[in-house]
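Values reported hereafter were calculated over all heavy atoms of this structure, with side chains retained and with hydrogens, waters and symmetry mates removed.
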Amino acid sequence: QVQLVESGGGLAQAGGSLNLSCAASGRTFRNTVMGWFRQAPGKEREFVAAMFWIGGSRYYADSVKGRFTISRDNAKNTVYLQMNSLKPADTADYYCAVRYSTAMHYYPSGYSSWGQGTQVTVSS
């Protein structure tokens with residue numbers, strides 16, 4: 001049973017920063033893609049960033065490129081999302097997810113395990 005637990009959400013001002021964490025447990029994550037998605041009220045869940053656990057190649061949505069950074073700590077089985085230069089449009093619930101594949105995927109349907117989400121609110 002895989003468990004993903006997000007933390008680090010909260011309230012930030014526009015231009016500020018937050019660092020989200022996703023602690024993963026329950027099985028090996030070697031041949032996986034770790035992803036971050038977000039869902040704003042009334043909108044569909046959308047891709048934010050993802051990386052291969054092995055190799056470390058990273059992928060970002062255009063809306064966050066240059067502002068957000070995904071990273072991982074192998075020893076802690078934890079994935080991070082450093083969010084800088086936050087905008088009110090970044091307000092959403094943020095979810096960590098795992099894809100058991102070595103092929104990148106940019107849609108929620110490609111990920112089979114999800115965390116409970118952490119709320120991010122950016123004020124103007």
(request) Supply the atom-to-atom distance Q39 CD to Y95 OH, rounded to the nearest 0.5 angstrom. (result) 5.5 Å
(request) List for me each residue that meets side-chain contact (heavy atoms from CB on, under 4.5 Å) alongside A75, sequence neighbours excluded, and say none if there are none. (result) D73
(request) Please name the pair of heavy atoms, one in S101 and one in A103, separated by the smallest distance, quoted to 0.1 Å. (result) OG-N, 2.9 Å
(message) For the OG atom of S7 and the OH atom of Y94, what is their distance to the nearest 0.5 Å?
(response) 15.0 Å
(message) Nearest 0.5 Å, please: how far is OH in Y106 from CZ in F47?
(response) 6.0 Å
(message) Main chain of V5, side chain of Q116: is a donor-acceptor contact present, judged purely on distance under 3.5 Å?
(response) no
(request) Please report the shortest heavy-atom distance between L86 and A12, naming the atom on each side. (result) CD1-CB, 3.8 Å
(request) Determine which pairs satisfy disulfide bond (SG atoms under 2.5 Å apart) with at least one residue from residues 40-124, sequence neighbours left out, and list them in order. (result) C22-C96
(message) Could you work out, with ring-ring contact (aromatic ring centres under 6.0 Å, His included) as the rule, every residue matching Y111, not counting sequence neighbours?
(response) F37
(message) With clusters defined by side-chain heavy atoms of hydrophobic residues (ILVMFWY) lying less than 4.5 Å apart, directly or transitively, does W36 cluster with L4?
(response) yes
(request) Using a 4.5 Å cut-off on heavy atoms from C-beta on, say whether the side chain of V2 contacts that of F29. (result) yes
(request) Under the side chain to side chain donor-acceptor pair (under 3.5 Å) rule, collect the residues that match up with D90, sequence neighbours excluded. (result) R38, R67
(message) I need the minimum non-hydrogen distance between A49 and L81, along with the two atoms involved.
(response) CB-CD1, 4.1 Å
(request) Please report the shortest heavy-atom distance between V64 and V48, naming the atom on each side. (result) CG2-O, 3.5 Å
Would you list the atom pairs, donor with acceptor, under 3.5 Å between side chains in residues 50-59 and any protein atom, with sequence neighbours excluded?
| unit_1 | atom_1 | unit_2 | atom_2 | d |
| --- | --- | --- | --- | --- |
| W53 | NE1 | N74 | OD1 | 3.4 |
| R58 | NE | I70 | O | 3.4 |
| R58 | NH1 | I70 | O | 3.2 |

(message) Can you list everything that forms a side chain to side chain donor-acceptor pair (under 3.5 Å) with Q3? Sequence neighbours excluded, please.
(response) none
(message) List the residues meeting side chain to side chain donor-acceptor pair (under 3.5 Å) with Q119, not counting sequence neighbours, and say none if there are none.
(response) none
(message) Run the side-chain contact (heavy atoms from CB on, under 4.5 Å) test against Q13 and tell me which residues pass, sequence neighbours left out.
(response) S123
(message) Under the rule for ring-ring contact (aromatic ring centres under 6.0 Å, His included), what residues qualify as partners of Y100, not counting sequence neighbours?
(response) none
(request) Hey, could you give me the OG/CZ distance between S109 and R99, rounded to the nearest 0.5 Å? (result) 8.5 Å
(message) Holding to salt bridge (charged side-chain N to carboxylate O under 4.0 Å, His left out), I want the full list of residues that pass it with K65, two or more places apart in sequence or in another chain.
(response) D62
(request) Mind checking side-chain contact (heavy atoms from CB on, under 4.5 Å) for T102 and listing every partner two or more places apart, or none if nothing turns up? (result) N31
(message) So which atom in T78 and which in S21 form the shortest heavy-atom distance, rounded to 0.1 Å?
(response) CG2-CB, 4.3 Å
(request) With sequence neighbours left out, write down each residue that passes side-chain contact (heavy atoms from CB on, under 4.5 Å) with A14, or none if nothing qualifies. (result) P88, V122
(message) Taking the side chain as everything from C-beta on, heavy atoms only, tell me whether L20 gets closer than 4.5 Å to M83.
(response) yes
